[in-house]
2 protein chains.
Amino acid sequence: MINLFFMSKCEQCIVRELSSLKALNKDELLRIAECKTSRTIKKGEPIFEEGDVVNGVYCITSGICKMSKLSANGKDQIVKLIKAGELLGQRSMISDEPANLSAIALEDMEVCFIPKAEILNFFDTNNQFSMNLMKTICGDLKETSDHLVSISQKTVKERLAETLIYLQDNFGKNPDGSLHIQLSREELAGMIGTATESCIRLLSDFNKLGLIELSGKKIILKDMAKLKRIAD
Amino acid sequence: MINLFFMSKCEQCIVRELSSLKALNKDELLRIAECKTSRTIKKGEPIFEEGDVVNGVYCITSGICKMSKLSANGKDQIVKLIKAGELLGQRSMISDEPANLSAIALEDMEVCFIPKAEILNFFDTNNQFSMNLMKTICGDLKETSDHLVSISQKTVKERLAETLIYLQDNFGKNPDGSLHIQLSREELAGMIGTATESCIRLLSDFNKLGLIELSGKKIILKDMAKLKRIAD
DNA sequence: TAAAAGTAATGATAATTGTCATATAAATTG
DNA sequence: CAATTTATATGACAATTATCATTACTTTTA
């Protein structure tokens with residue numbers, strides 16, 4: 001009865017729908033349900049940090065987190081954002097290395113932890129699963145390469161426009177039209193790779209030009225066409 | 001007899017020694033030897049270009065190439081360098097997408113092409129091979145993330161020092177002590193993500209400070225300690 | 001609710017980096 | 001080998017971006 005309960009939970013889980021785990025059959029899901037542990041993470045808290053040994057994979061059931069790295073000058077570069085339905089920690093598990101990036105909650109989160117042994121077992125016995133995992137990581141690699149080229153070749157203004165569009169496209173907007181994802185100015189600066197003040201200044205410029213609207217912490221994209229033109 | 005000949009060639013191949021292919025057994029190597037095609041690429045020529053459909057994987061038998069992407073402003077960002085012993089085109093093969101980056105020879109190269117069907121077959125039947133491939137791609141992902149943070153957070157001067165050290169550590173030096181890999185100033189600028197003139201200027205500065213020595217196209221690293229300190 | 005702490009906004013200024021022009025050196029070609 | 005092209009180097013200047021200082025606004029905490 002307890003097993004059925006857990007199994008049903010994993011079966012209906014958003015992570016199962018969206019991630020590599022969709023290749024798992026009922027038996028395999030049952031095994032996960034039996035070994036997984038759930039955790040709640042509060043906004044601002046880490047799931048794991050750079051250098052931690054992560055002996056498994058985290059499934060994001062709800063919430064959003066940032067994957068970032070502290071650089072020598074003390075600034076936090078956000079490499080990637082992760083939302084519900086995705087897995088976390090796959091790379092360091094496969095490479096058998098400590099985490100290269102910190103994962104910190106941007107809102108309250110629910111995550112499930114699946115131990116490494118379980119995942120590696122599926123990797124060996126379920127080709128569709130390993131192929132899915134592989135494709136996910138390849139997708140990450142492409143995204144990161146493109147991000148690298150963008151940071152390297154675009155101006156801060158272009159990157160800000162690009163990032164605002166990215167945030168709306170990937171995390172949606174609230175009923176009032178503002179970006180759903182809540183980033184501080186410092187975090188937004190960390191995403192585009194610039195100083196906080198430069199980021200704030202450009203947001204003000206965009207605001208004055210009517211491209212966006214700022215009300216408190218909320219950002220509303222007003223002129224997508226022009227933003228897209230700036231972003232290239 | 002012909003098969004034995006080819007098999008022996010693949011068995012002794014540097015790519016077999018160094019890449020994911022080391023997991024293949026004699027039978028599997030024989031199959032590769034039978035289906036592979038070899039090619040010579042001259043310096044400056046592409047193996048494939050951004051957008052090309054690459055229906056397999058290239059083994060680099062000799063030579064070095066750059067993986068780069070043309071950005072909107074016409075500059076070529078070098079994302080990665082690849083040398084003998086490595087595989088090329090794995091990501092786009094697995095993602096089933098056109099190449100995201102161009103691969104262009106920096107010196108004359110010898111490459112072997114292995115069709116996709118063959119590789120995917122090994123992927124399904126040889127767990128060690130798929131694990132190796134996975135680890136390679138995970139390694140690439142880590143490297144690219146770190147490169148991203150470096151480009152985003154370090155100054156051009158820091159990145160130049162870092163890149164010069166990287167080039168010496170990974171591609172060695174000639175008998176006269178100069179960097180073995182031959183990059184034009186434009187390419188070096190494309191690696192560190194800056195304008196060609198800025199790159200040239202900083203090389204001159206490093207030269208005047210005695211950190212490096214420039215003689216023609218050759219670059220000799222003279223003061224590794226100081227270069228490392230600059231690179232952080 | 002008032003004080004404190006943190007976050008956002010803006011000005012002033014400095015440092016970094018890019019662009020354009022031009023000179024010099026090296027490589028290629030007829 | 002001279003002529004042409006290409007790559008490297010440098011100067012002058014402009015644009016972008018960072019840093020530091022200050023103020024205004026929000027949120028948290030006592």
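In the text below, chain A, chain B and the rest are named by the order of the sequence lines, each starting its count at 1.
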Whole Å only: how far is the [atom1] atom of [X] from the [atom2] atom of [N]?
X: B:Q153; N: D:dA18; atom1: CD; atom2: C1'; result: 12 Å
X: A:L214; N: C:dA9; atom1: CG; atom2: P; result: 6 Å
X: B:D205; N: C:dA15; atom1: CG; atom2: P; result: 16 Å
X: B:F206; N: D:dA9; atom1: CZ; atom2: C1'; result: 17 Å
X: B:E187; N: D:dT6; atom1: CD; atom2: P; result: 16 Å
X: B:N73; N: D:dT16; atom1: CG; atom2: P; result: 14 Å
X: B:L202; N: D:dT10; atom1: CG; atom2: C1'; result: 13 Å
X: B:E186; N: C:dG18; atom1: CD; atom2: C1'; result: 15 Å

NZ/NE/NH1/NH2 to OD/OE distance under 4.0 Å, [X] and [Y]:
X: B:E162; Y: B:K154; answer: yes
X: B:K116; Y: B:D96; answer: yes
X: B:K222; Y: B:E213; answer: yes
X: A:R91; Y: A:D140; answer: no
X: A:K142; Y: A:D146; answer: yes

Gap between atom CD of A:Q153 and atom CG of B:D76 - 0.5 Å precision:
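The CG atom of B:D76 sits 8.5 Å away from the CD atom of A:Q153.
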Kindly calculate the angle separating the two end axes of the helix from C:dT1-D:dA30 to C:dG30-D:dC1, each obtained from five base pairs, and round it to 10 degrees.
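Its terminal axes enclose an angle near 40°.
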Taking the cut-offs as 6.0 angstrom to the six-membered ring centre and 45 degrees off its axis, would you call A:K83 and A:F171 a cation-pi pair?
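Verdict for A:F171: a cation-pi partner in A:K83.
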Of all of residues 154-162 of chain A, which get a heavy atom below 4.0 angstrom from DNA chain D, listed by number?
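Of all residues in residues 154-162 of chain A, the ones placing a heavy atom under 4.0 Å from DNA chain D are A:T155, A:V156.
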Does a side-chain N or O from B:T196 land closer than 4.0 Å to OP1 or OP2 of D:dT8, or not?
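The answer is no; no side-chain N or O of B:T196 sits under 4.0 Å from OP1 or OP2.
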Please write out the pairs of protein N or O atoms and N or O atoms of nucleotides 19-26 of chain D separated by less than 3.5 Å, giving the distance to one decimal.
| unit_1 | atom_1 | unit_2 | atom_2 | d |
| --- | --- | --- | --- | --- |
| D:dT19 | OP2 | A:K75 | NZ | 3.2 |
| D:dT19 | O4 | A:R201 | NH2 | 3.0 |
| D:dC20 | N4 | A:E197 | OE2 | 3.4 |

Below 4.5 Å, heavy atoms only, C-beta onward: do A:K66 and A:L101 meet side chain to side chain?
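Side-chain contact under 4.5 Å: no.
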Can you name the closest pair of heavy atoms from B:I78 and B:S68 and give their distance?
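What the structure gives for the nearest pair is CA-CB, 3.9 Å.
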Using every non-hydrogen atom in the two residues, find where A:G85 and A:S19 come nearest and quote the distance to one decimal.
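Heavy-atom minimum between the residues: O-CB, 3.4 Å.
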Name the one of B:E187, B:E86, B:M191 that satisfies side chain to side chain contact (heavy atoms under 4.5 Å, CB included) with B:L81?
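Considering B:E187, B:E86, B:M191, a side chain to side chain contact (heavy atoms under 4.5 Å, CB included) with B:L81 is found only for B:M191.
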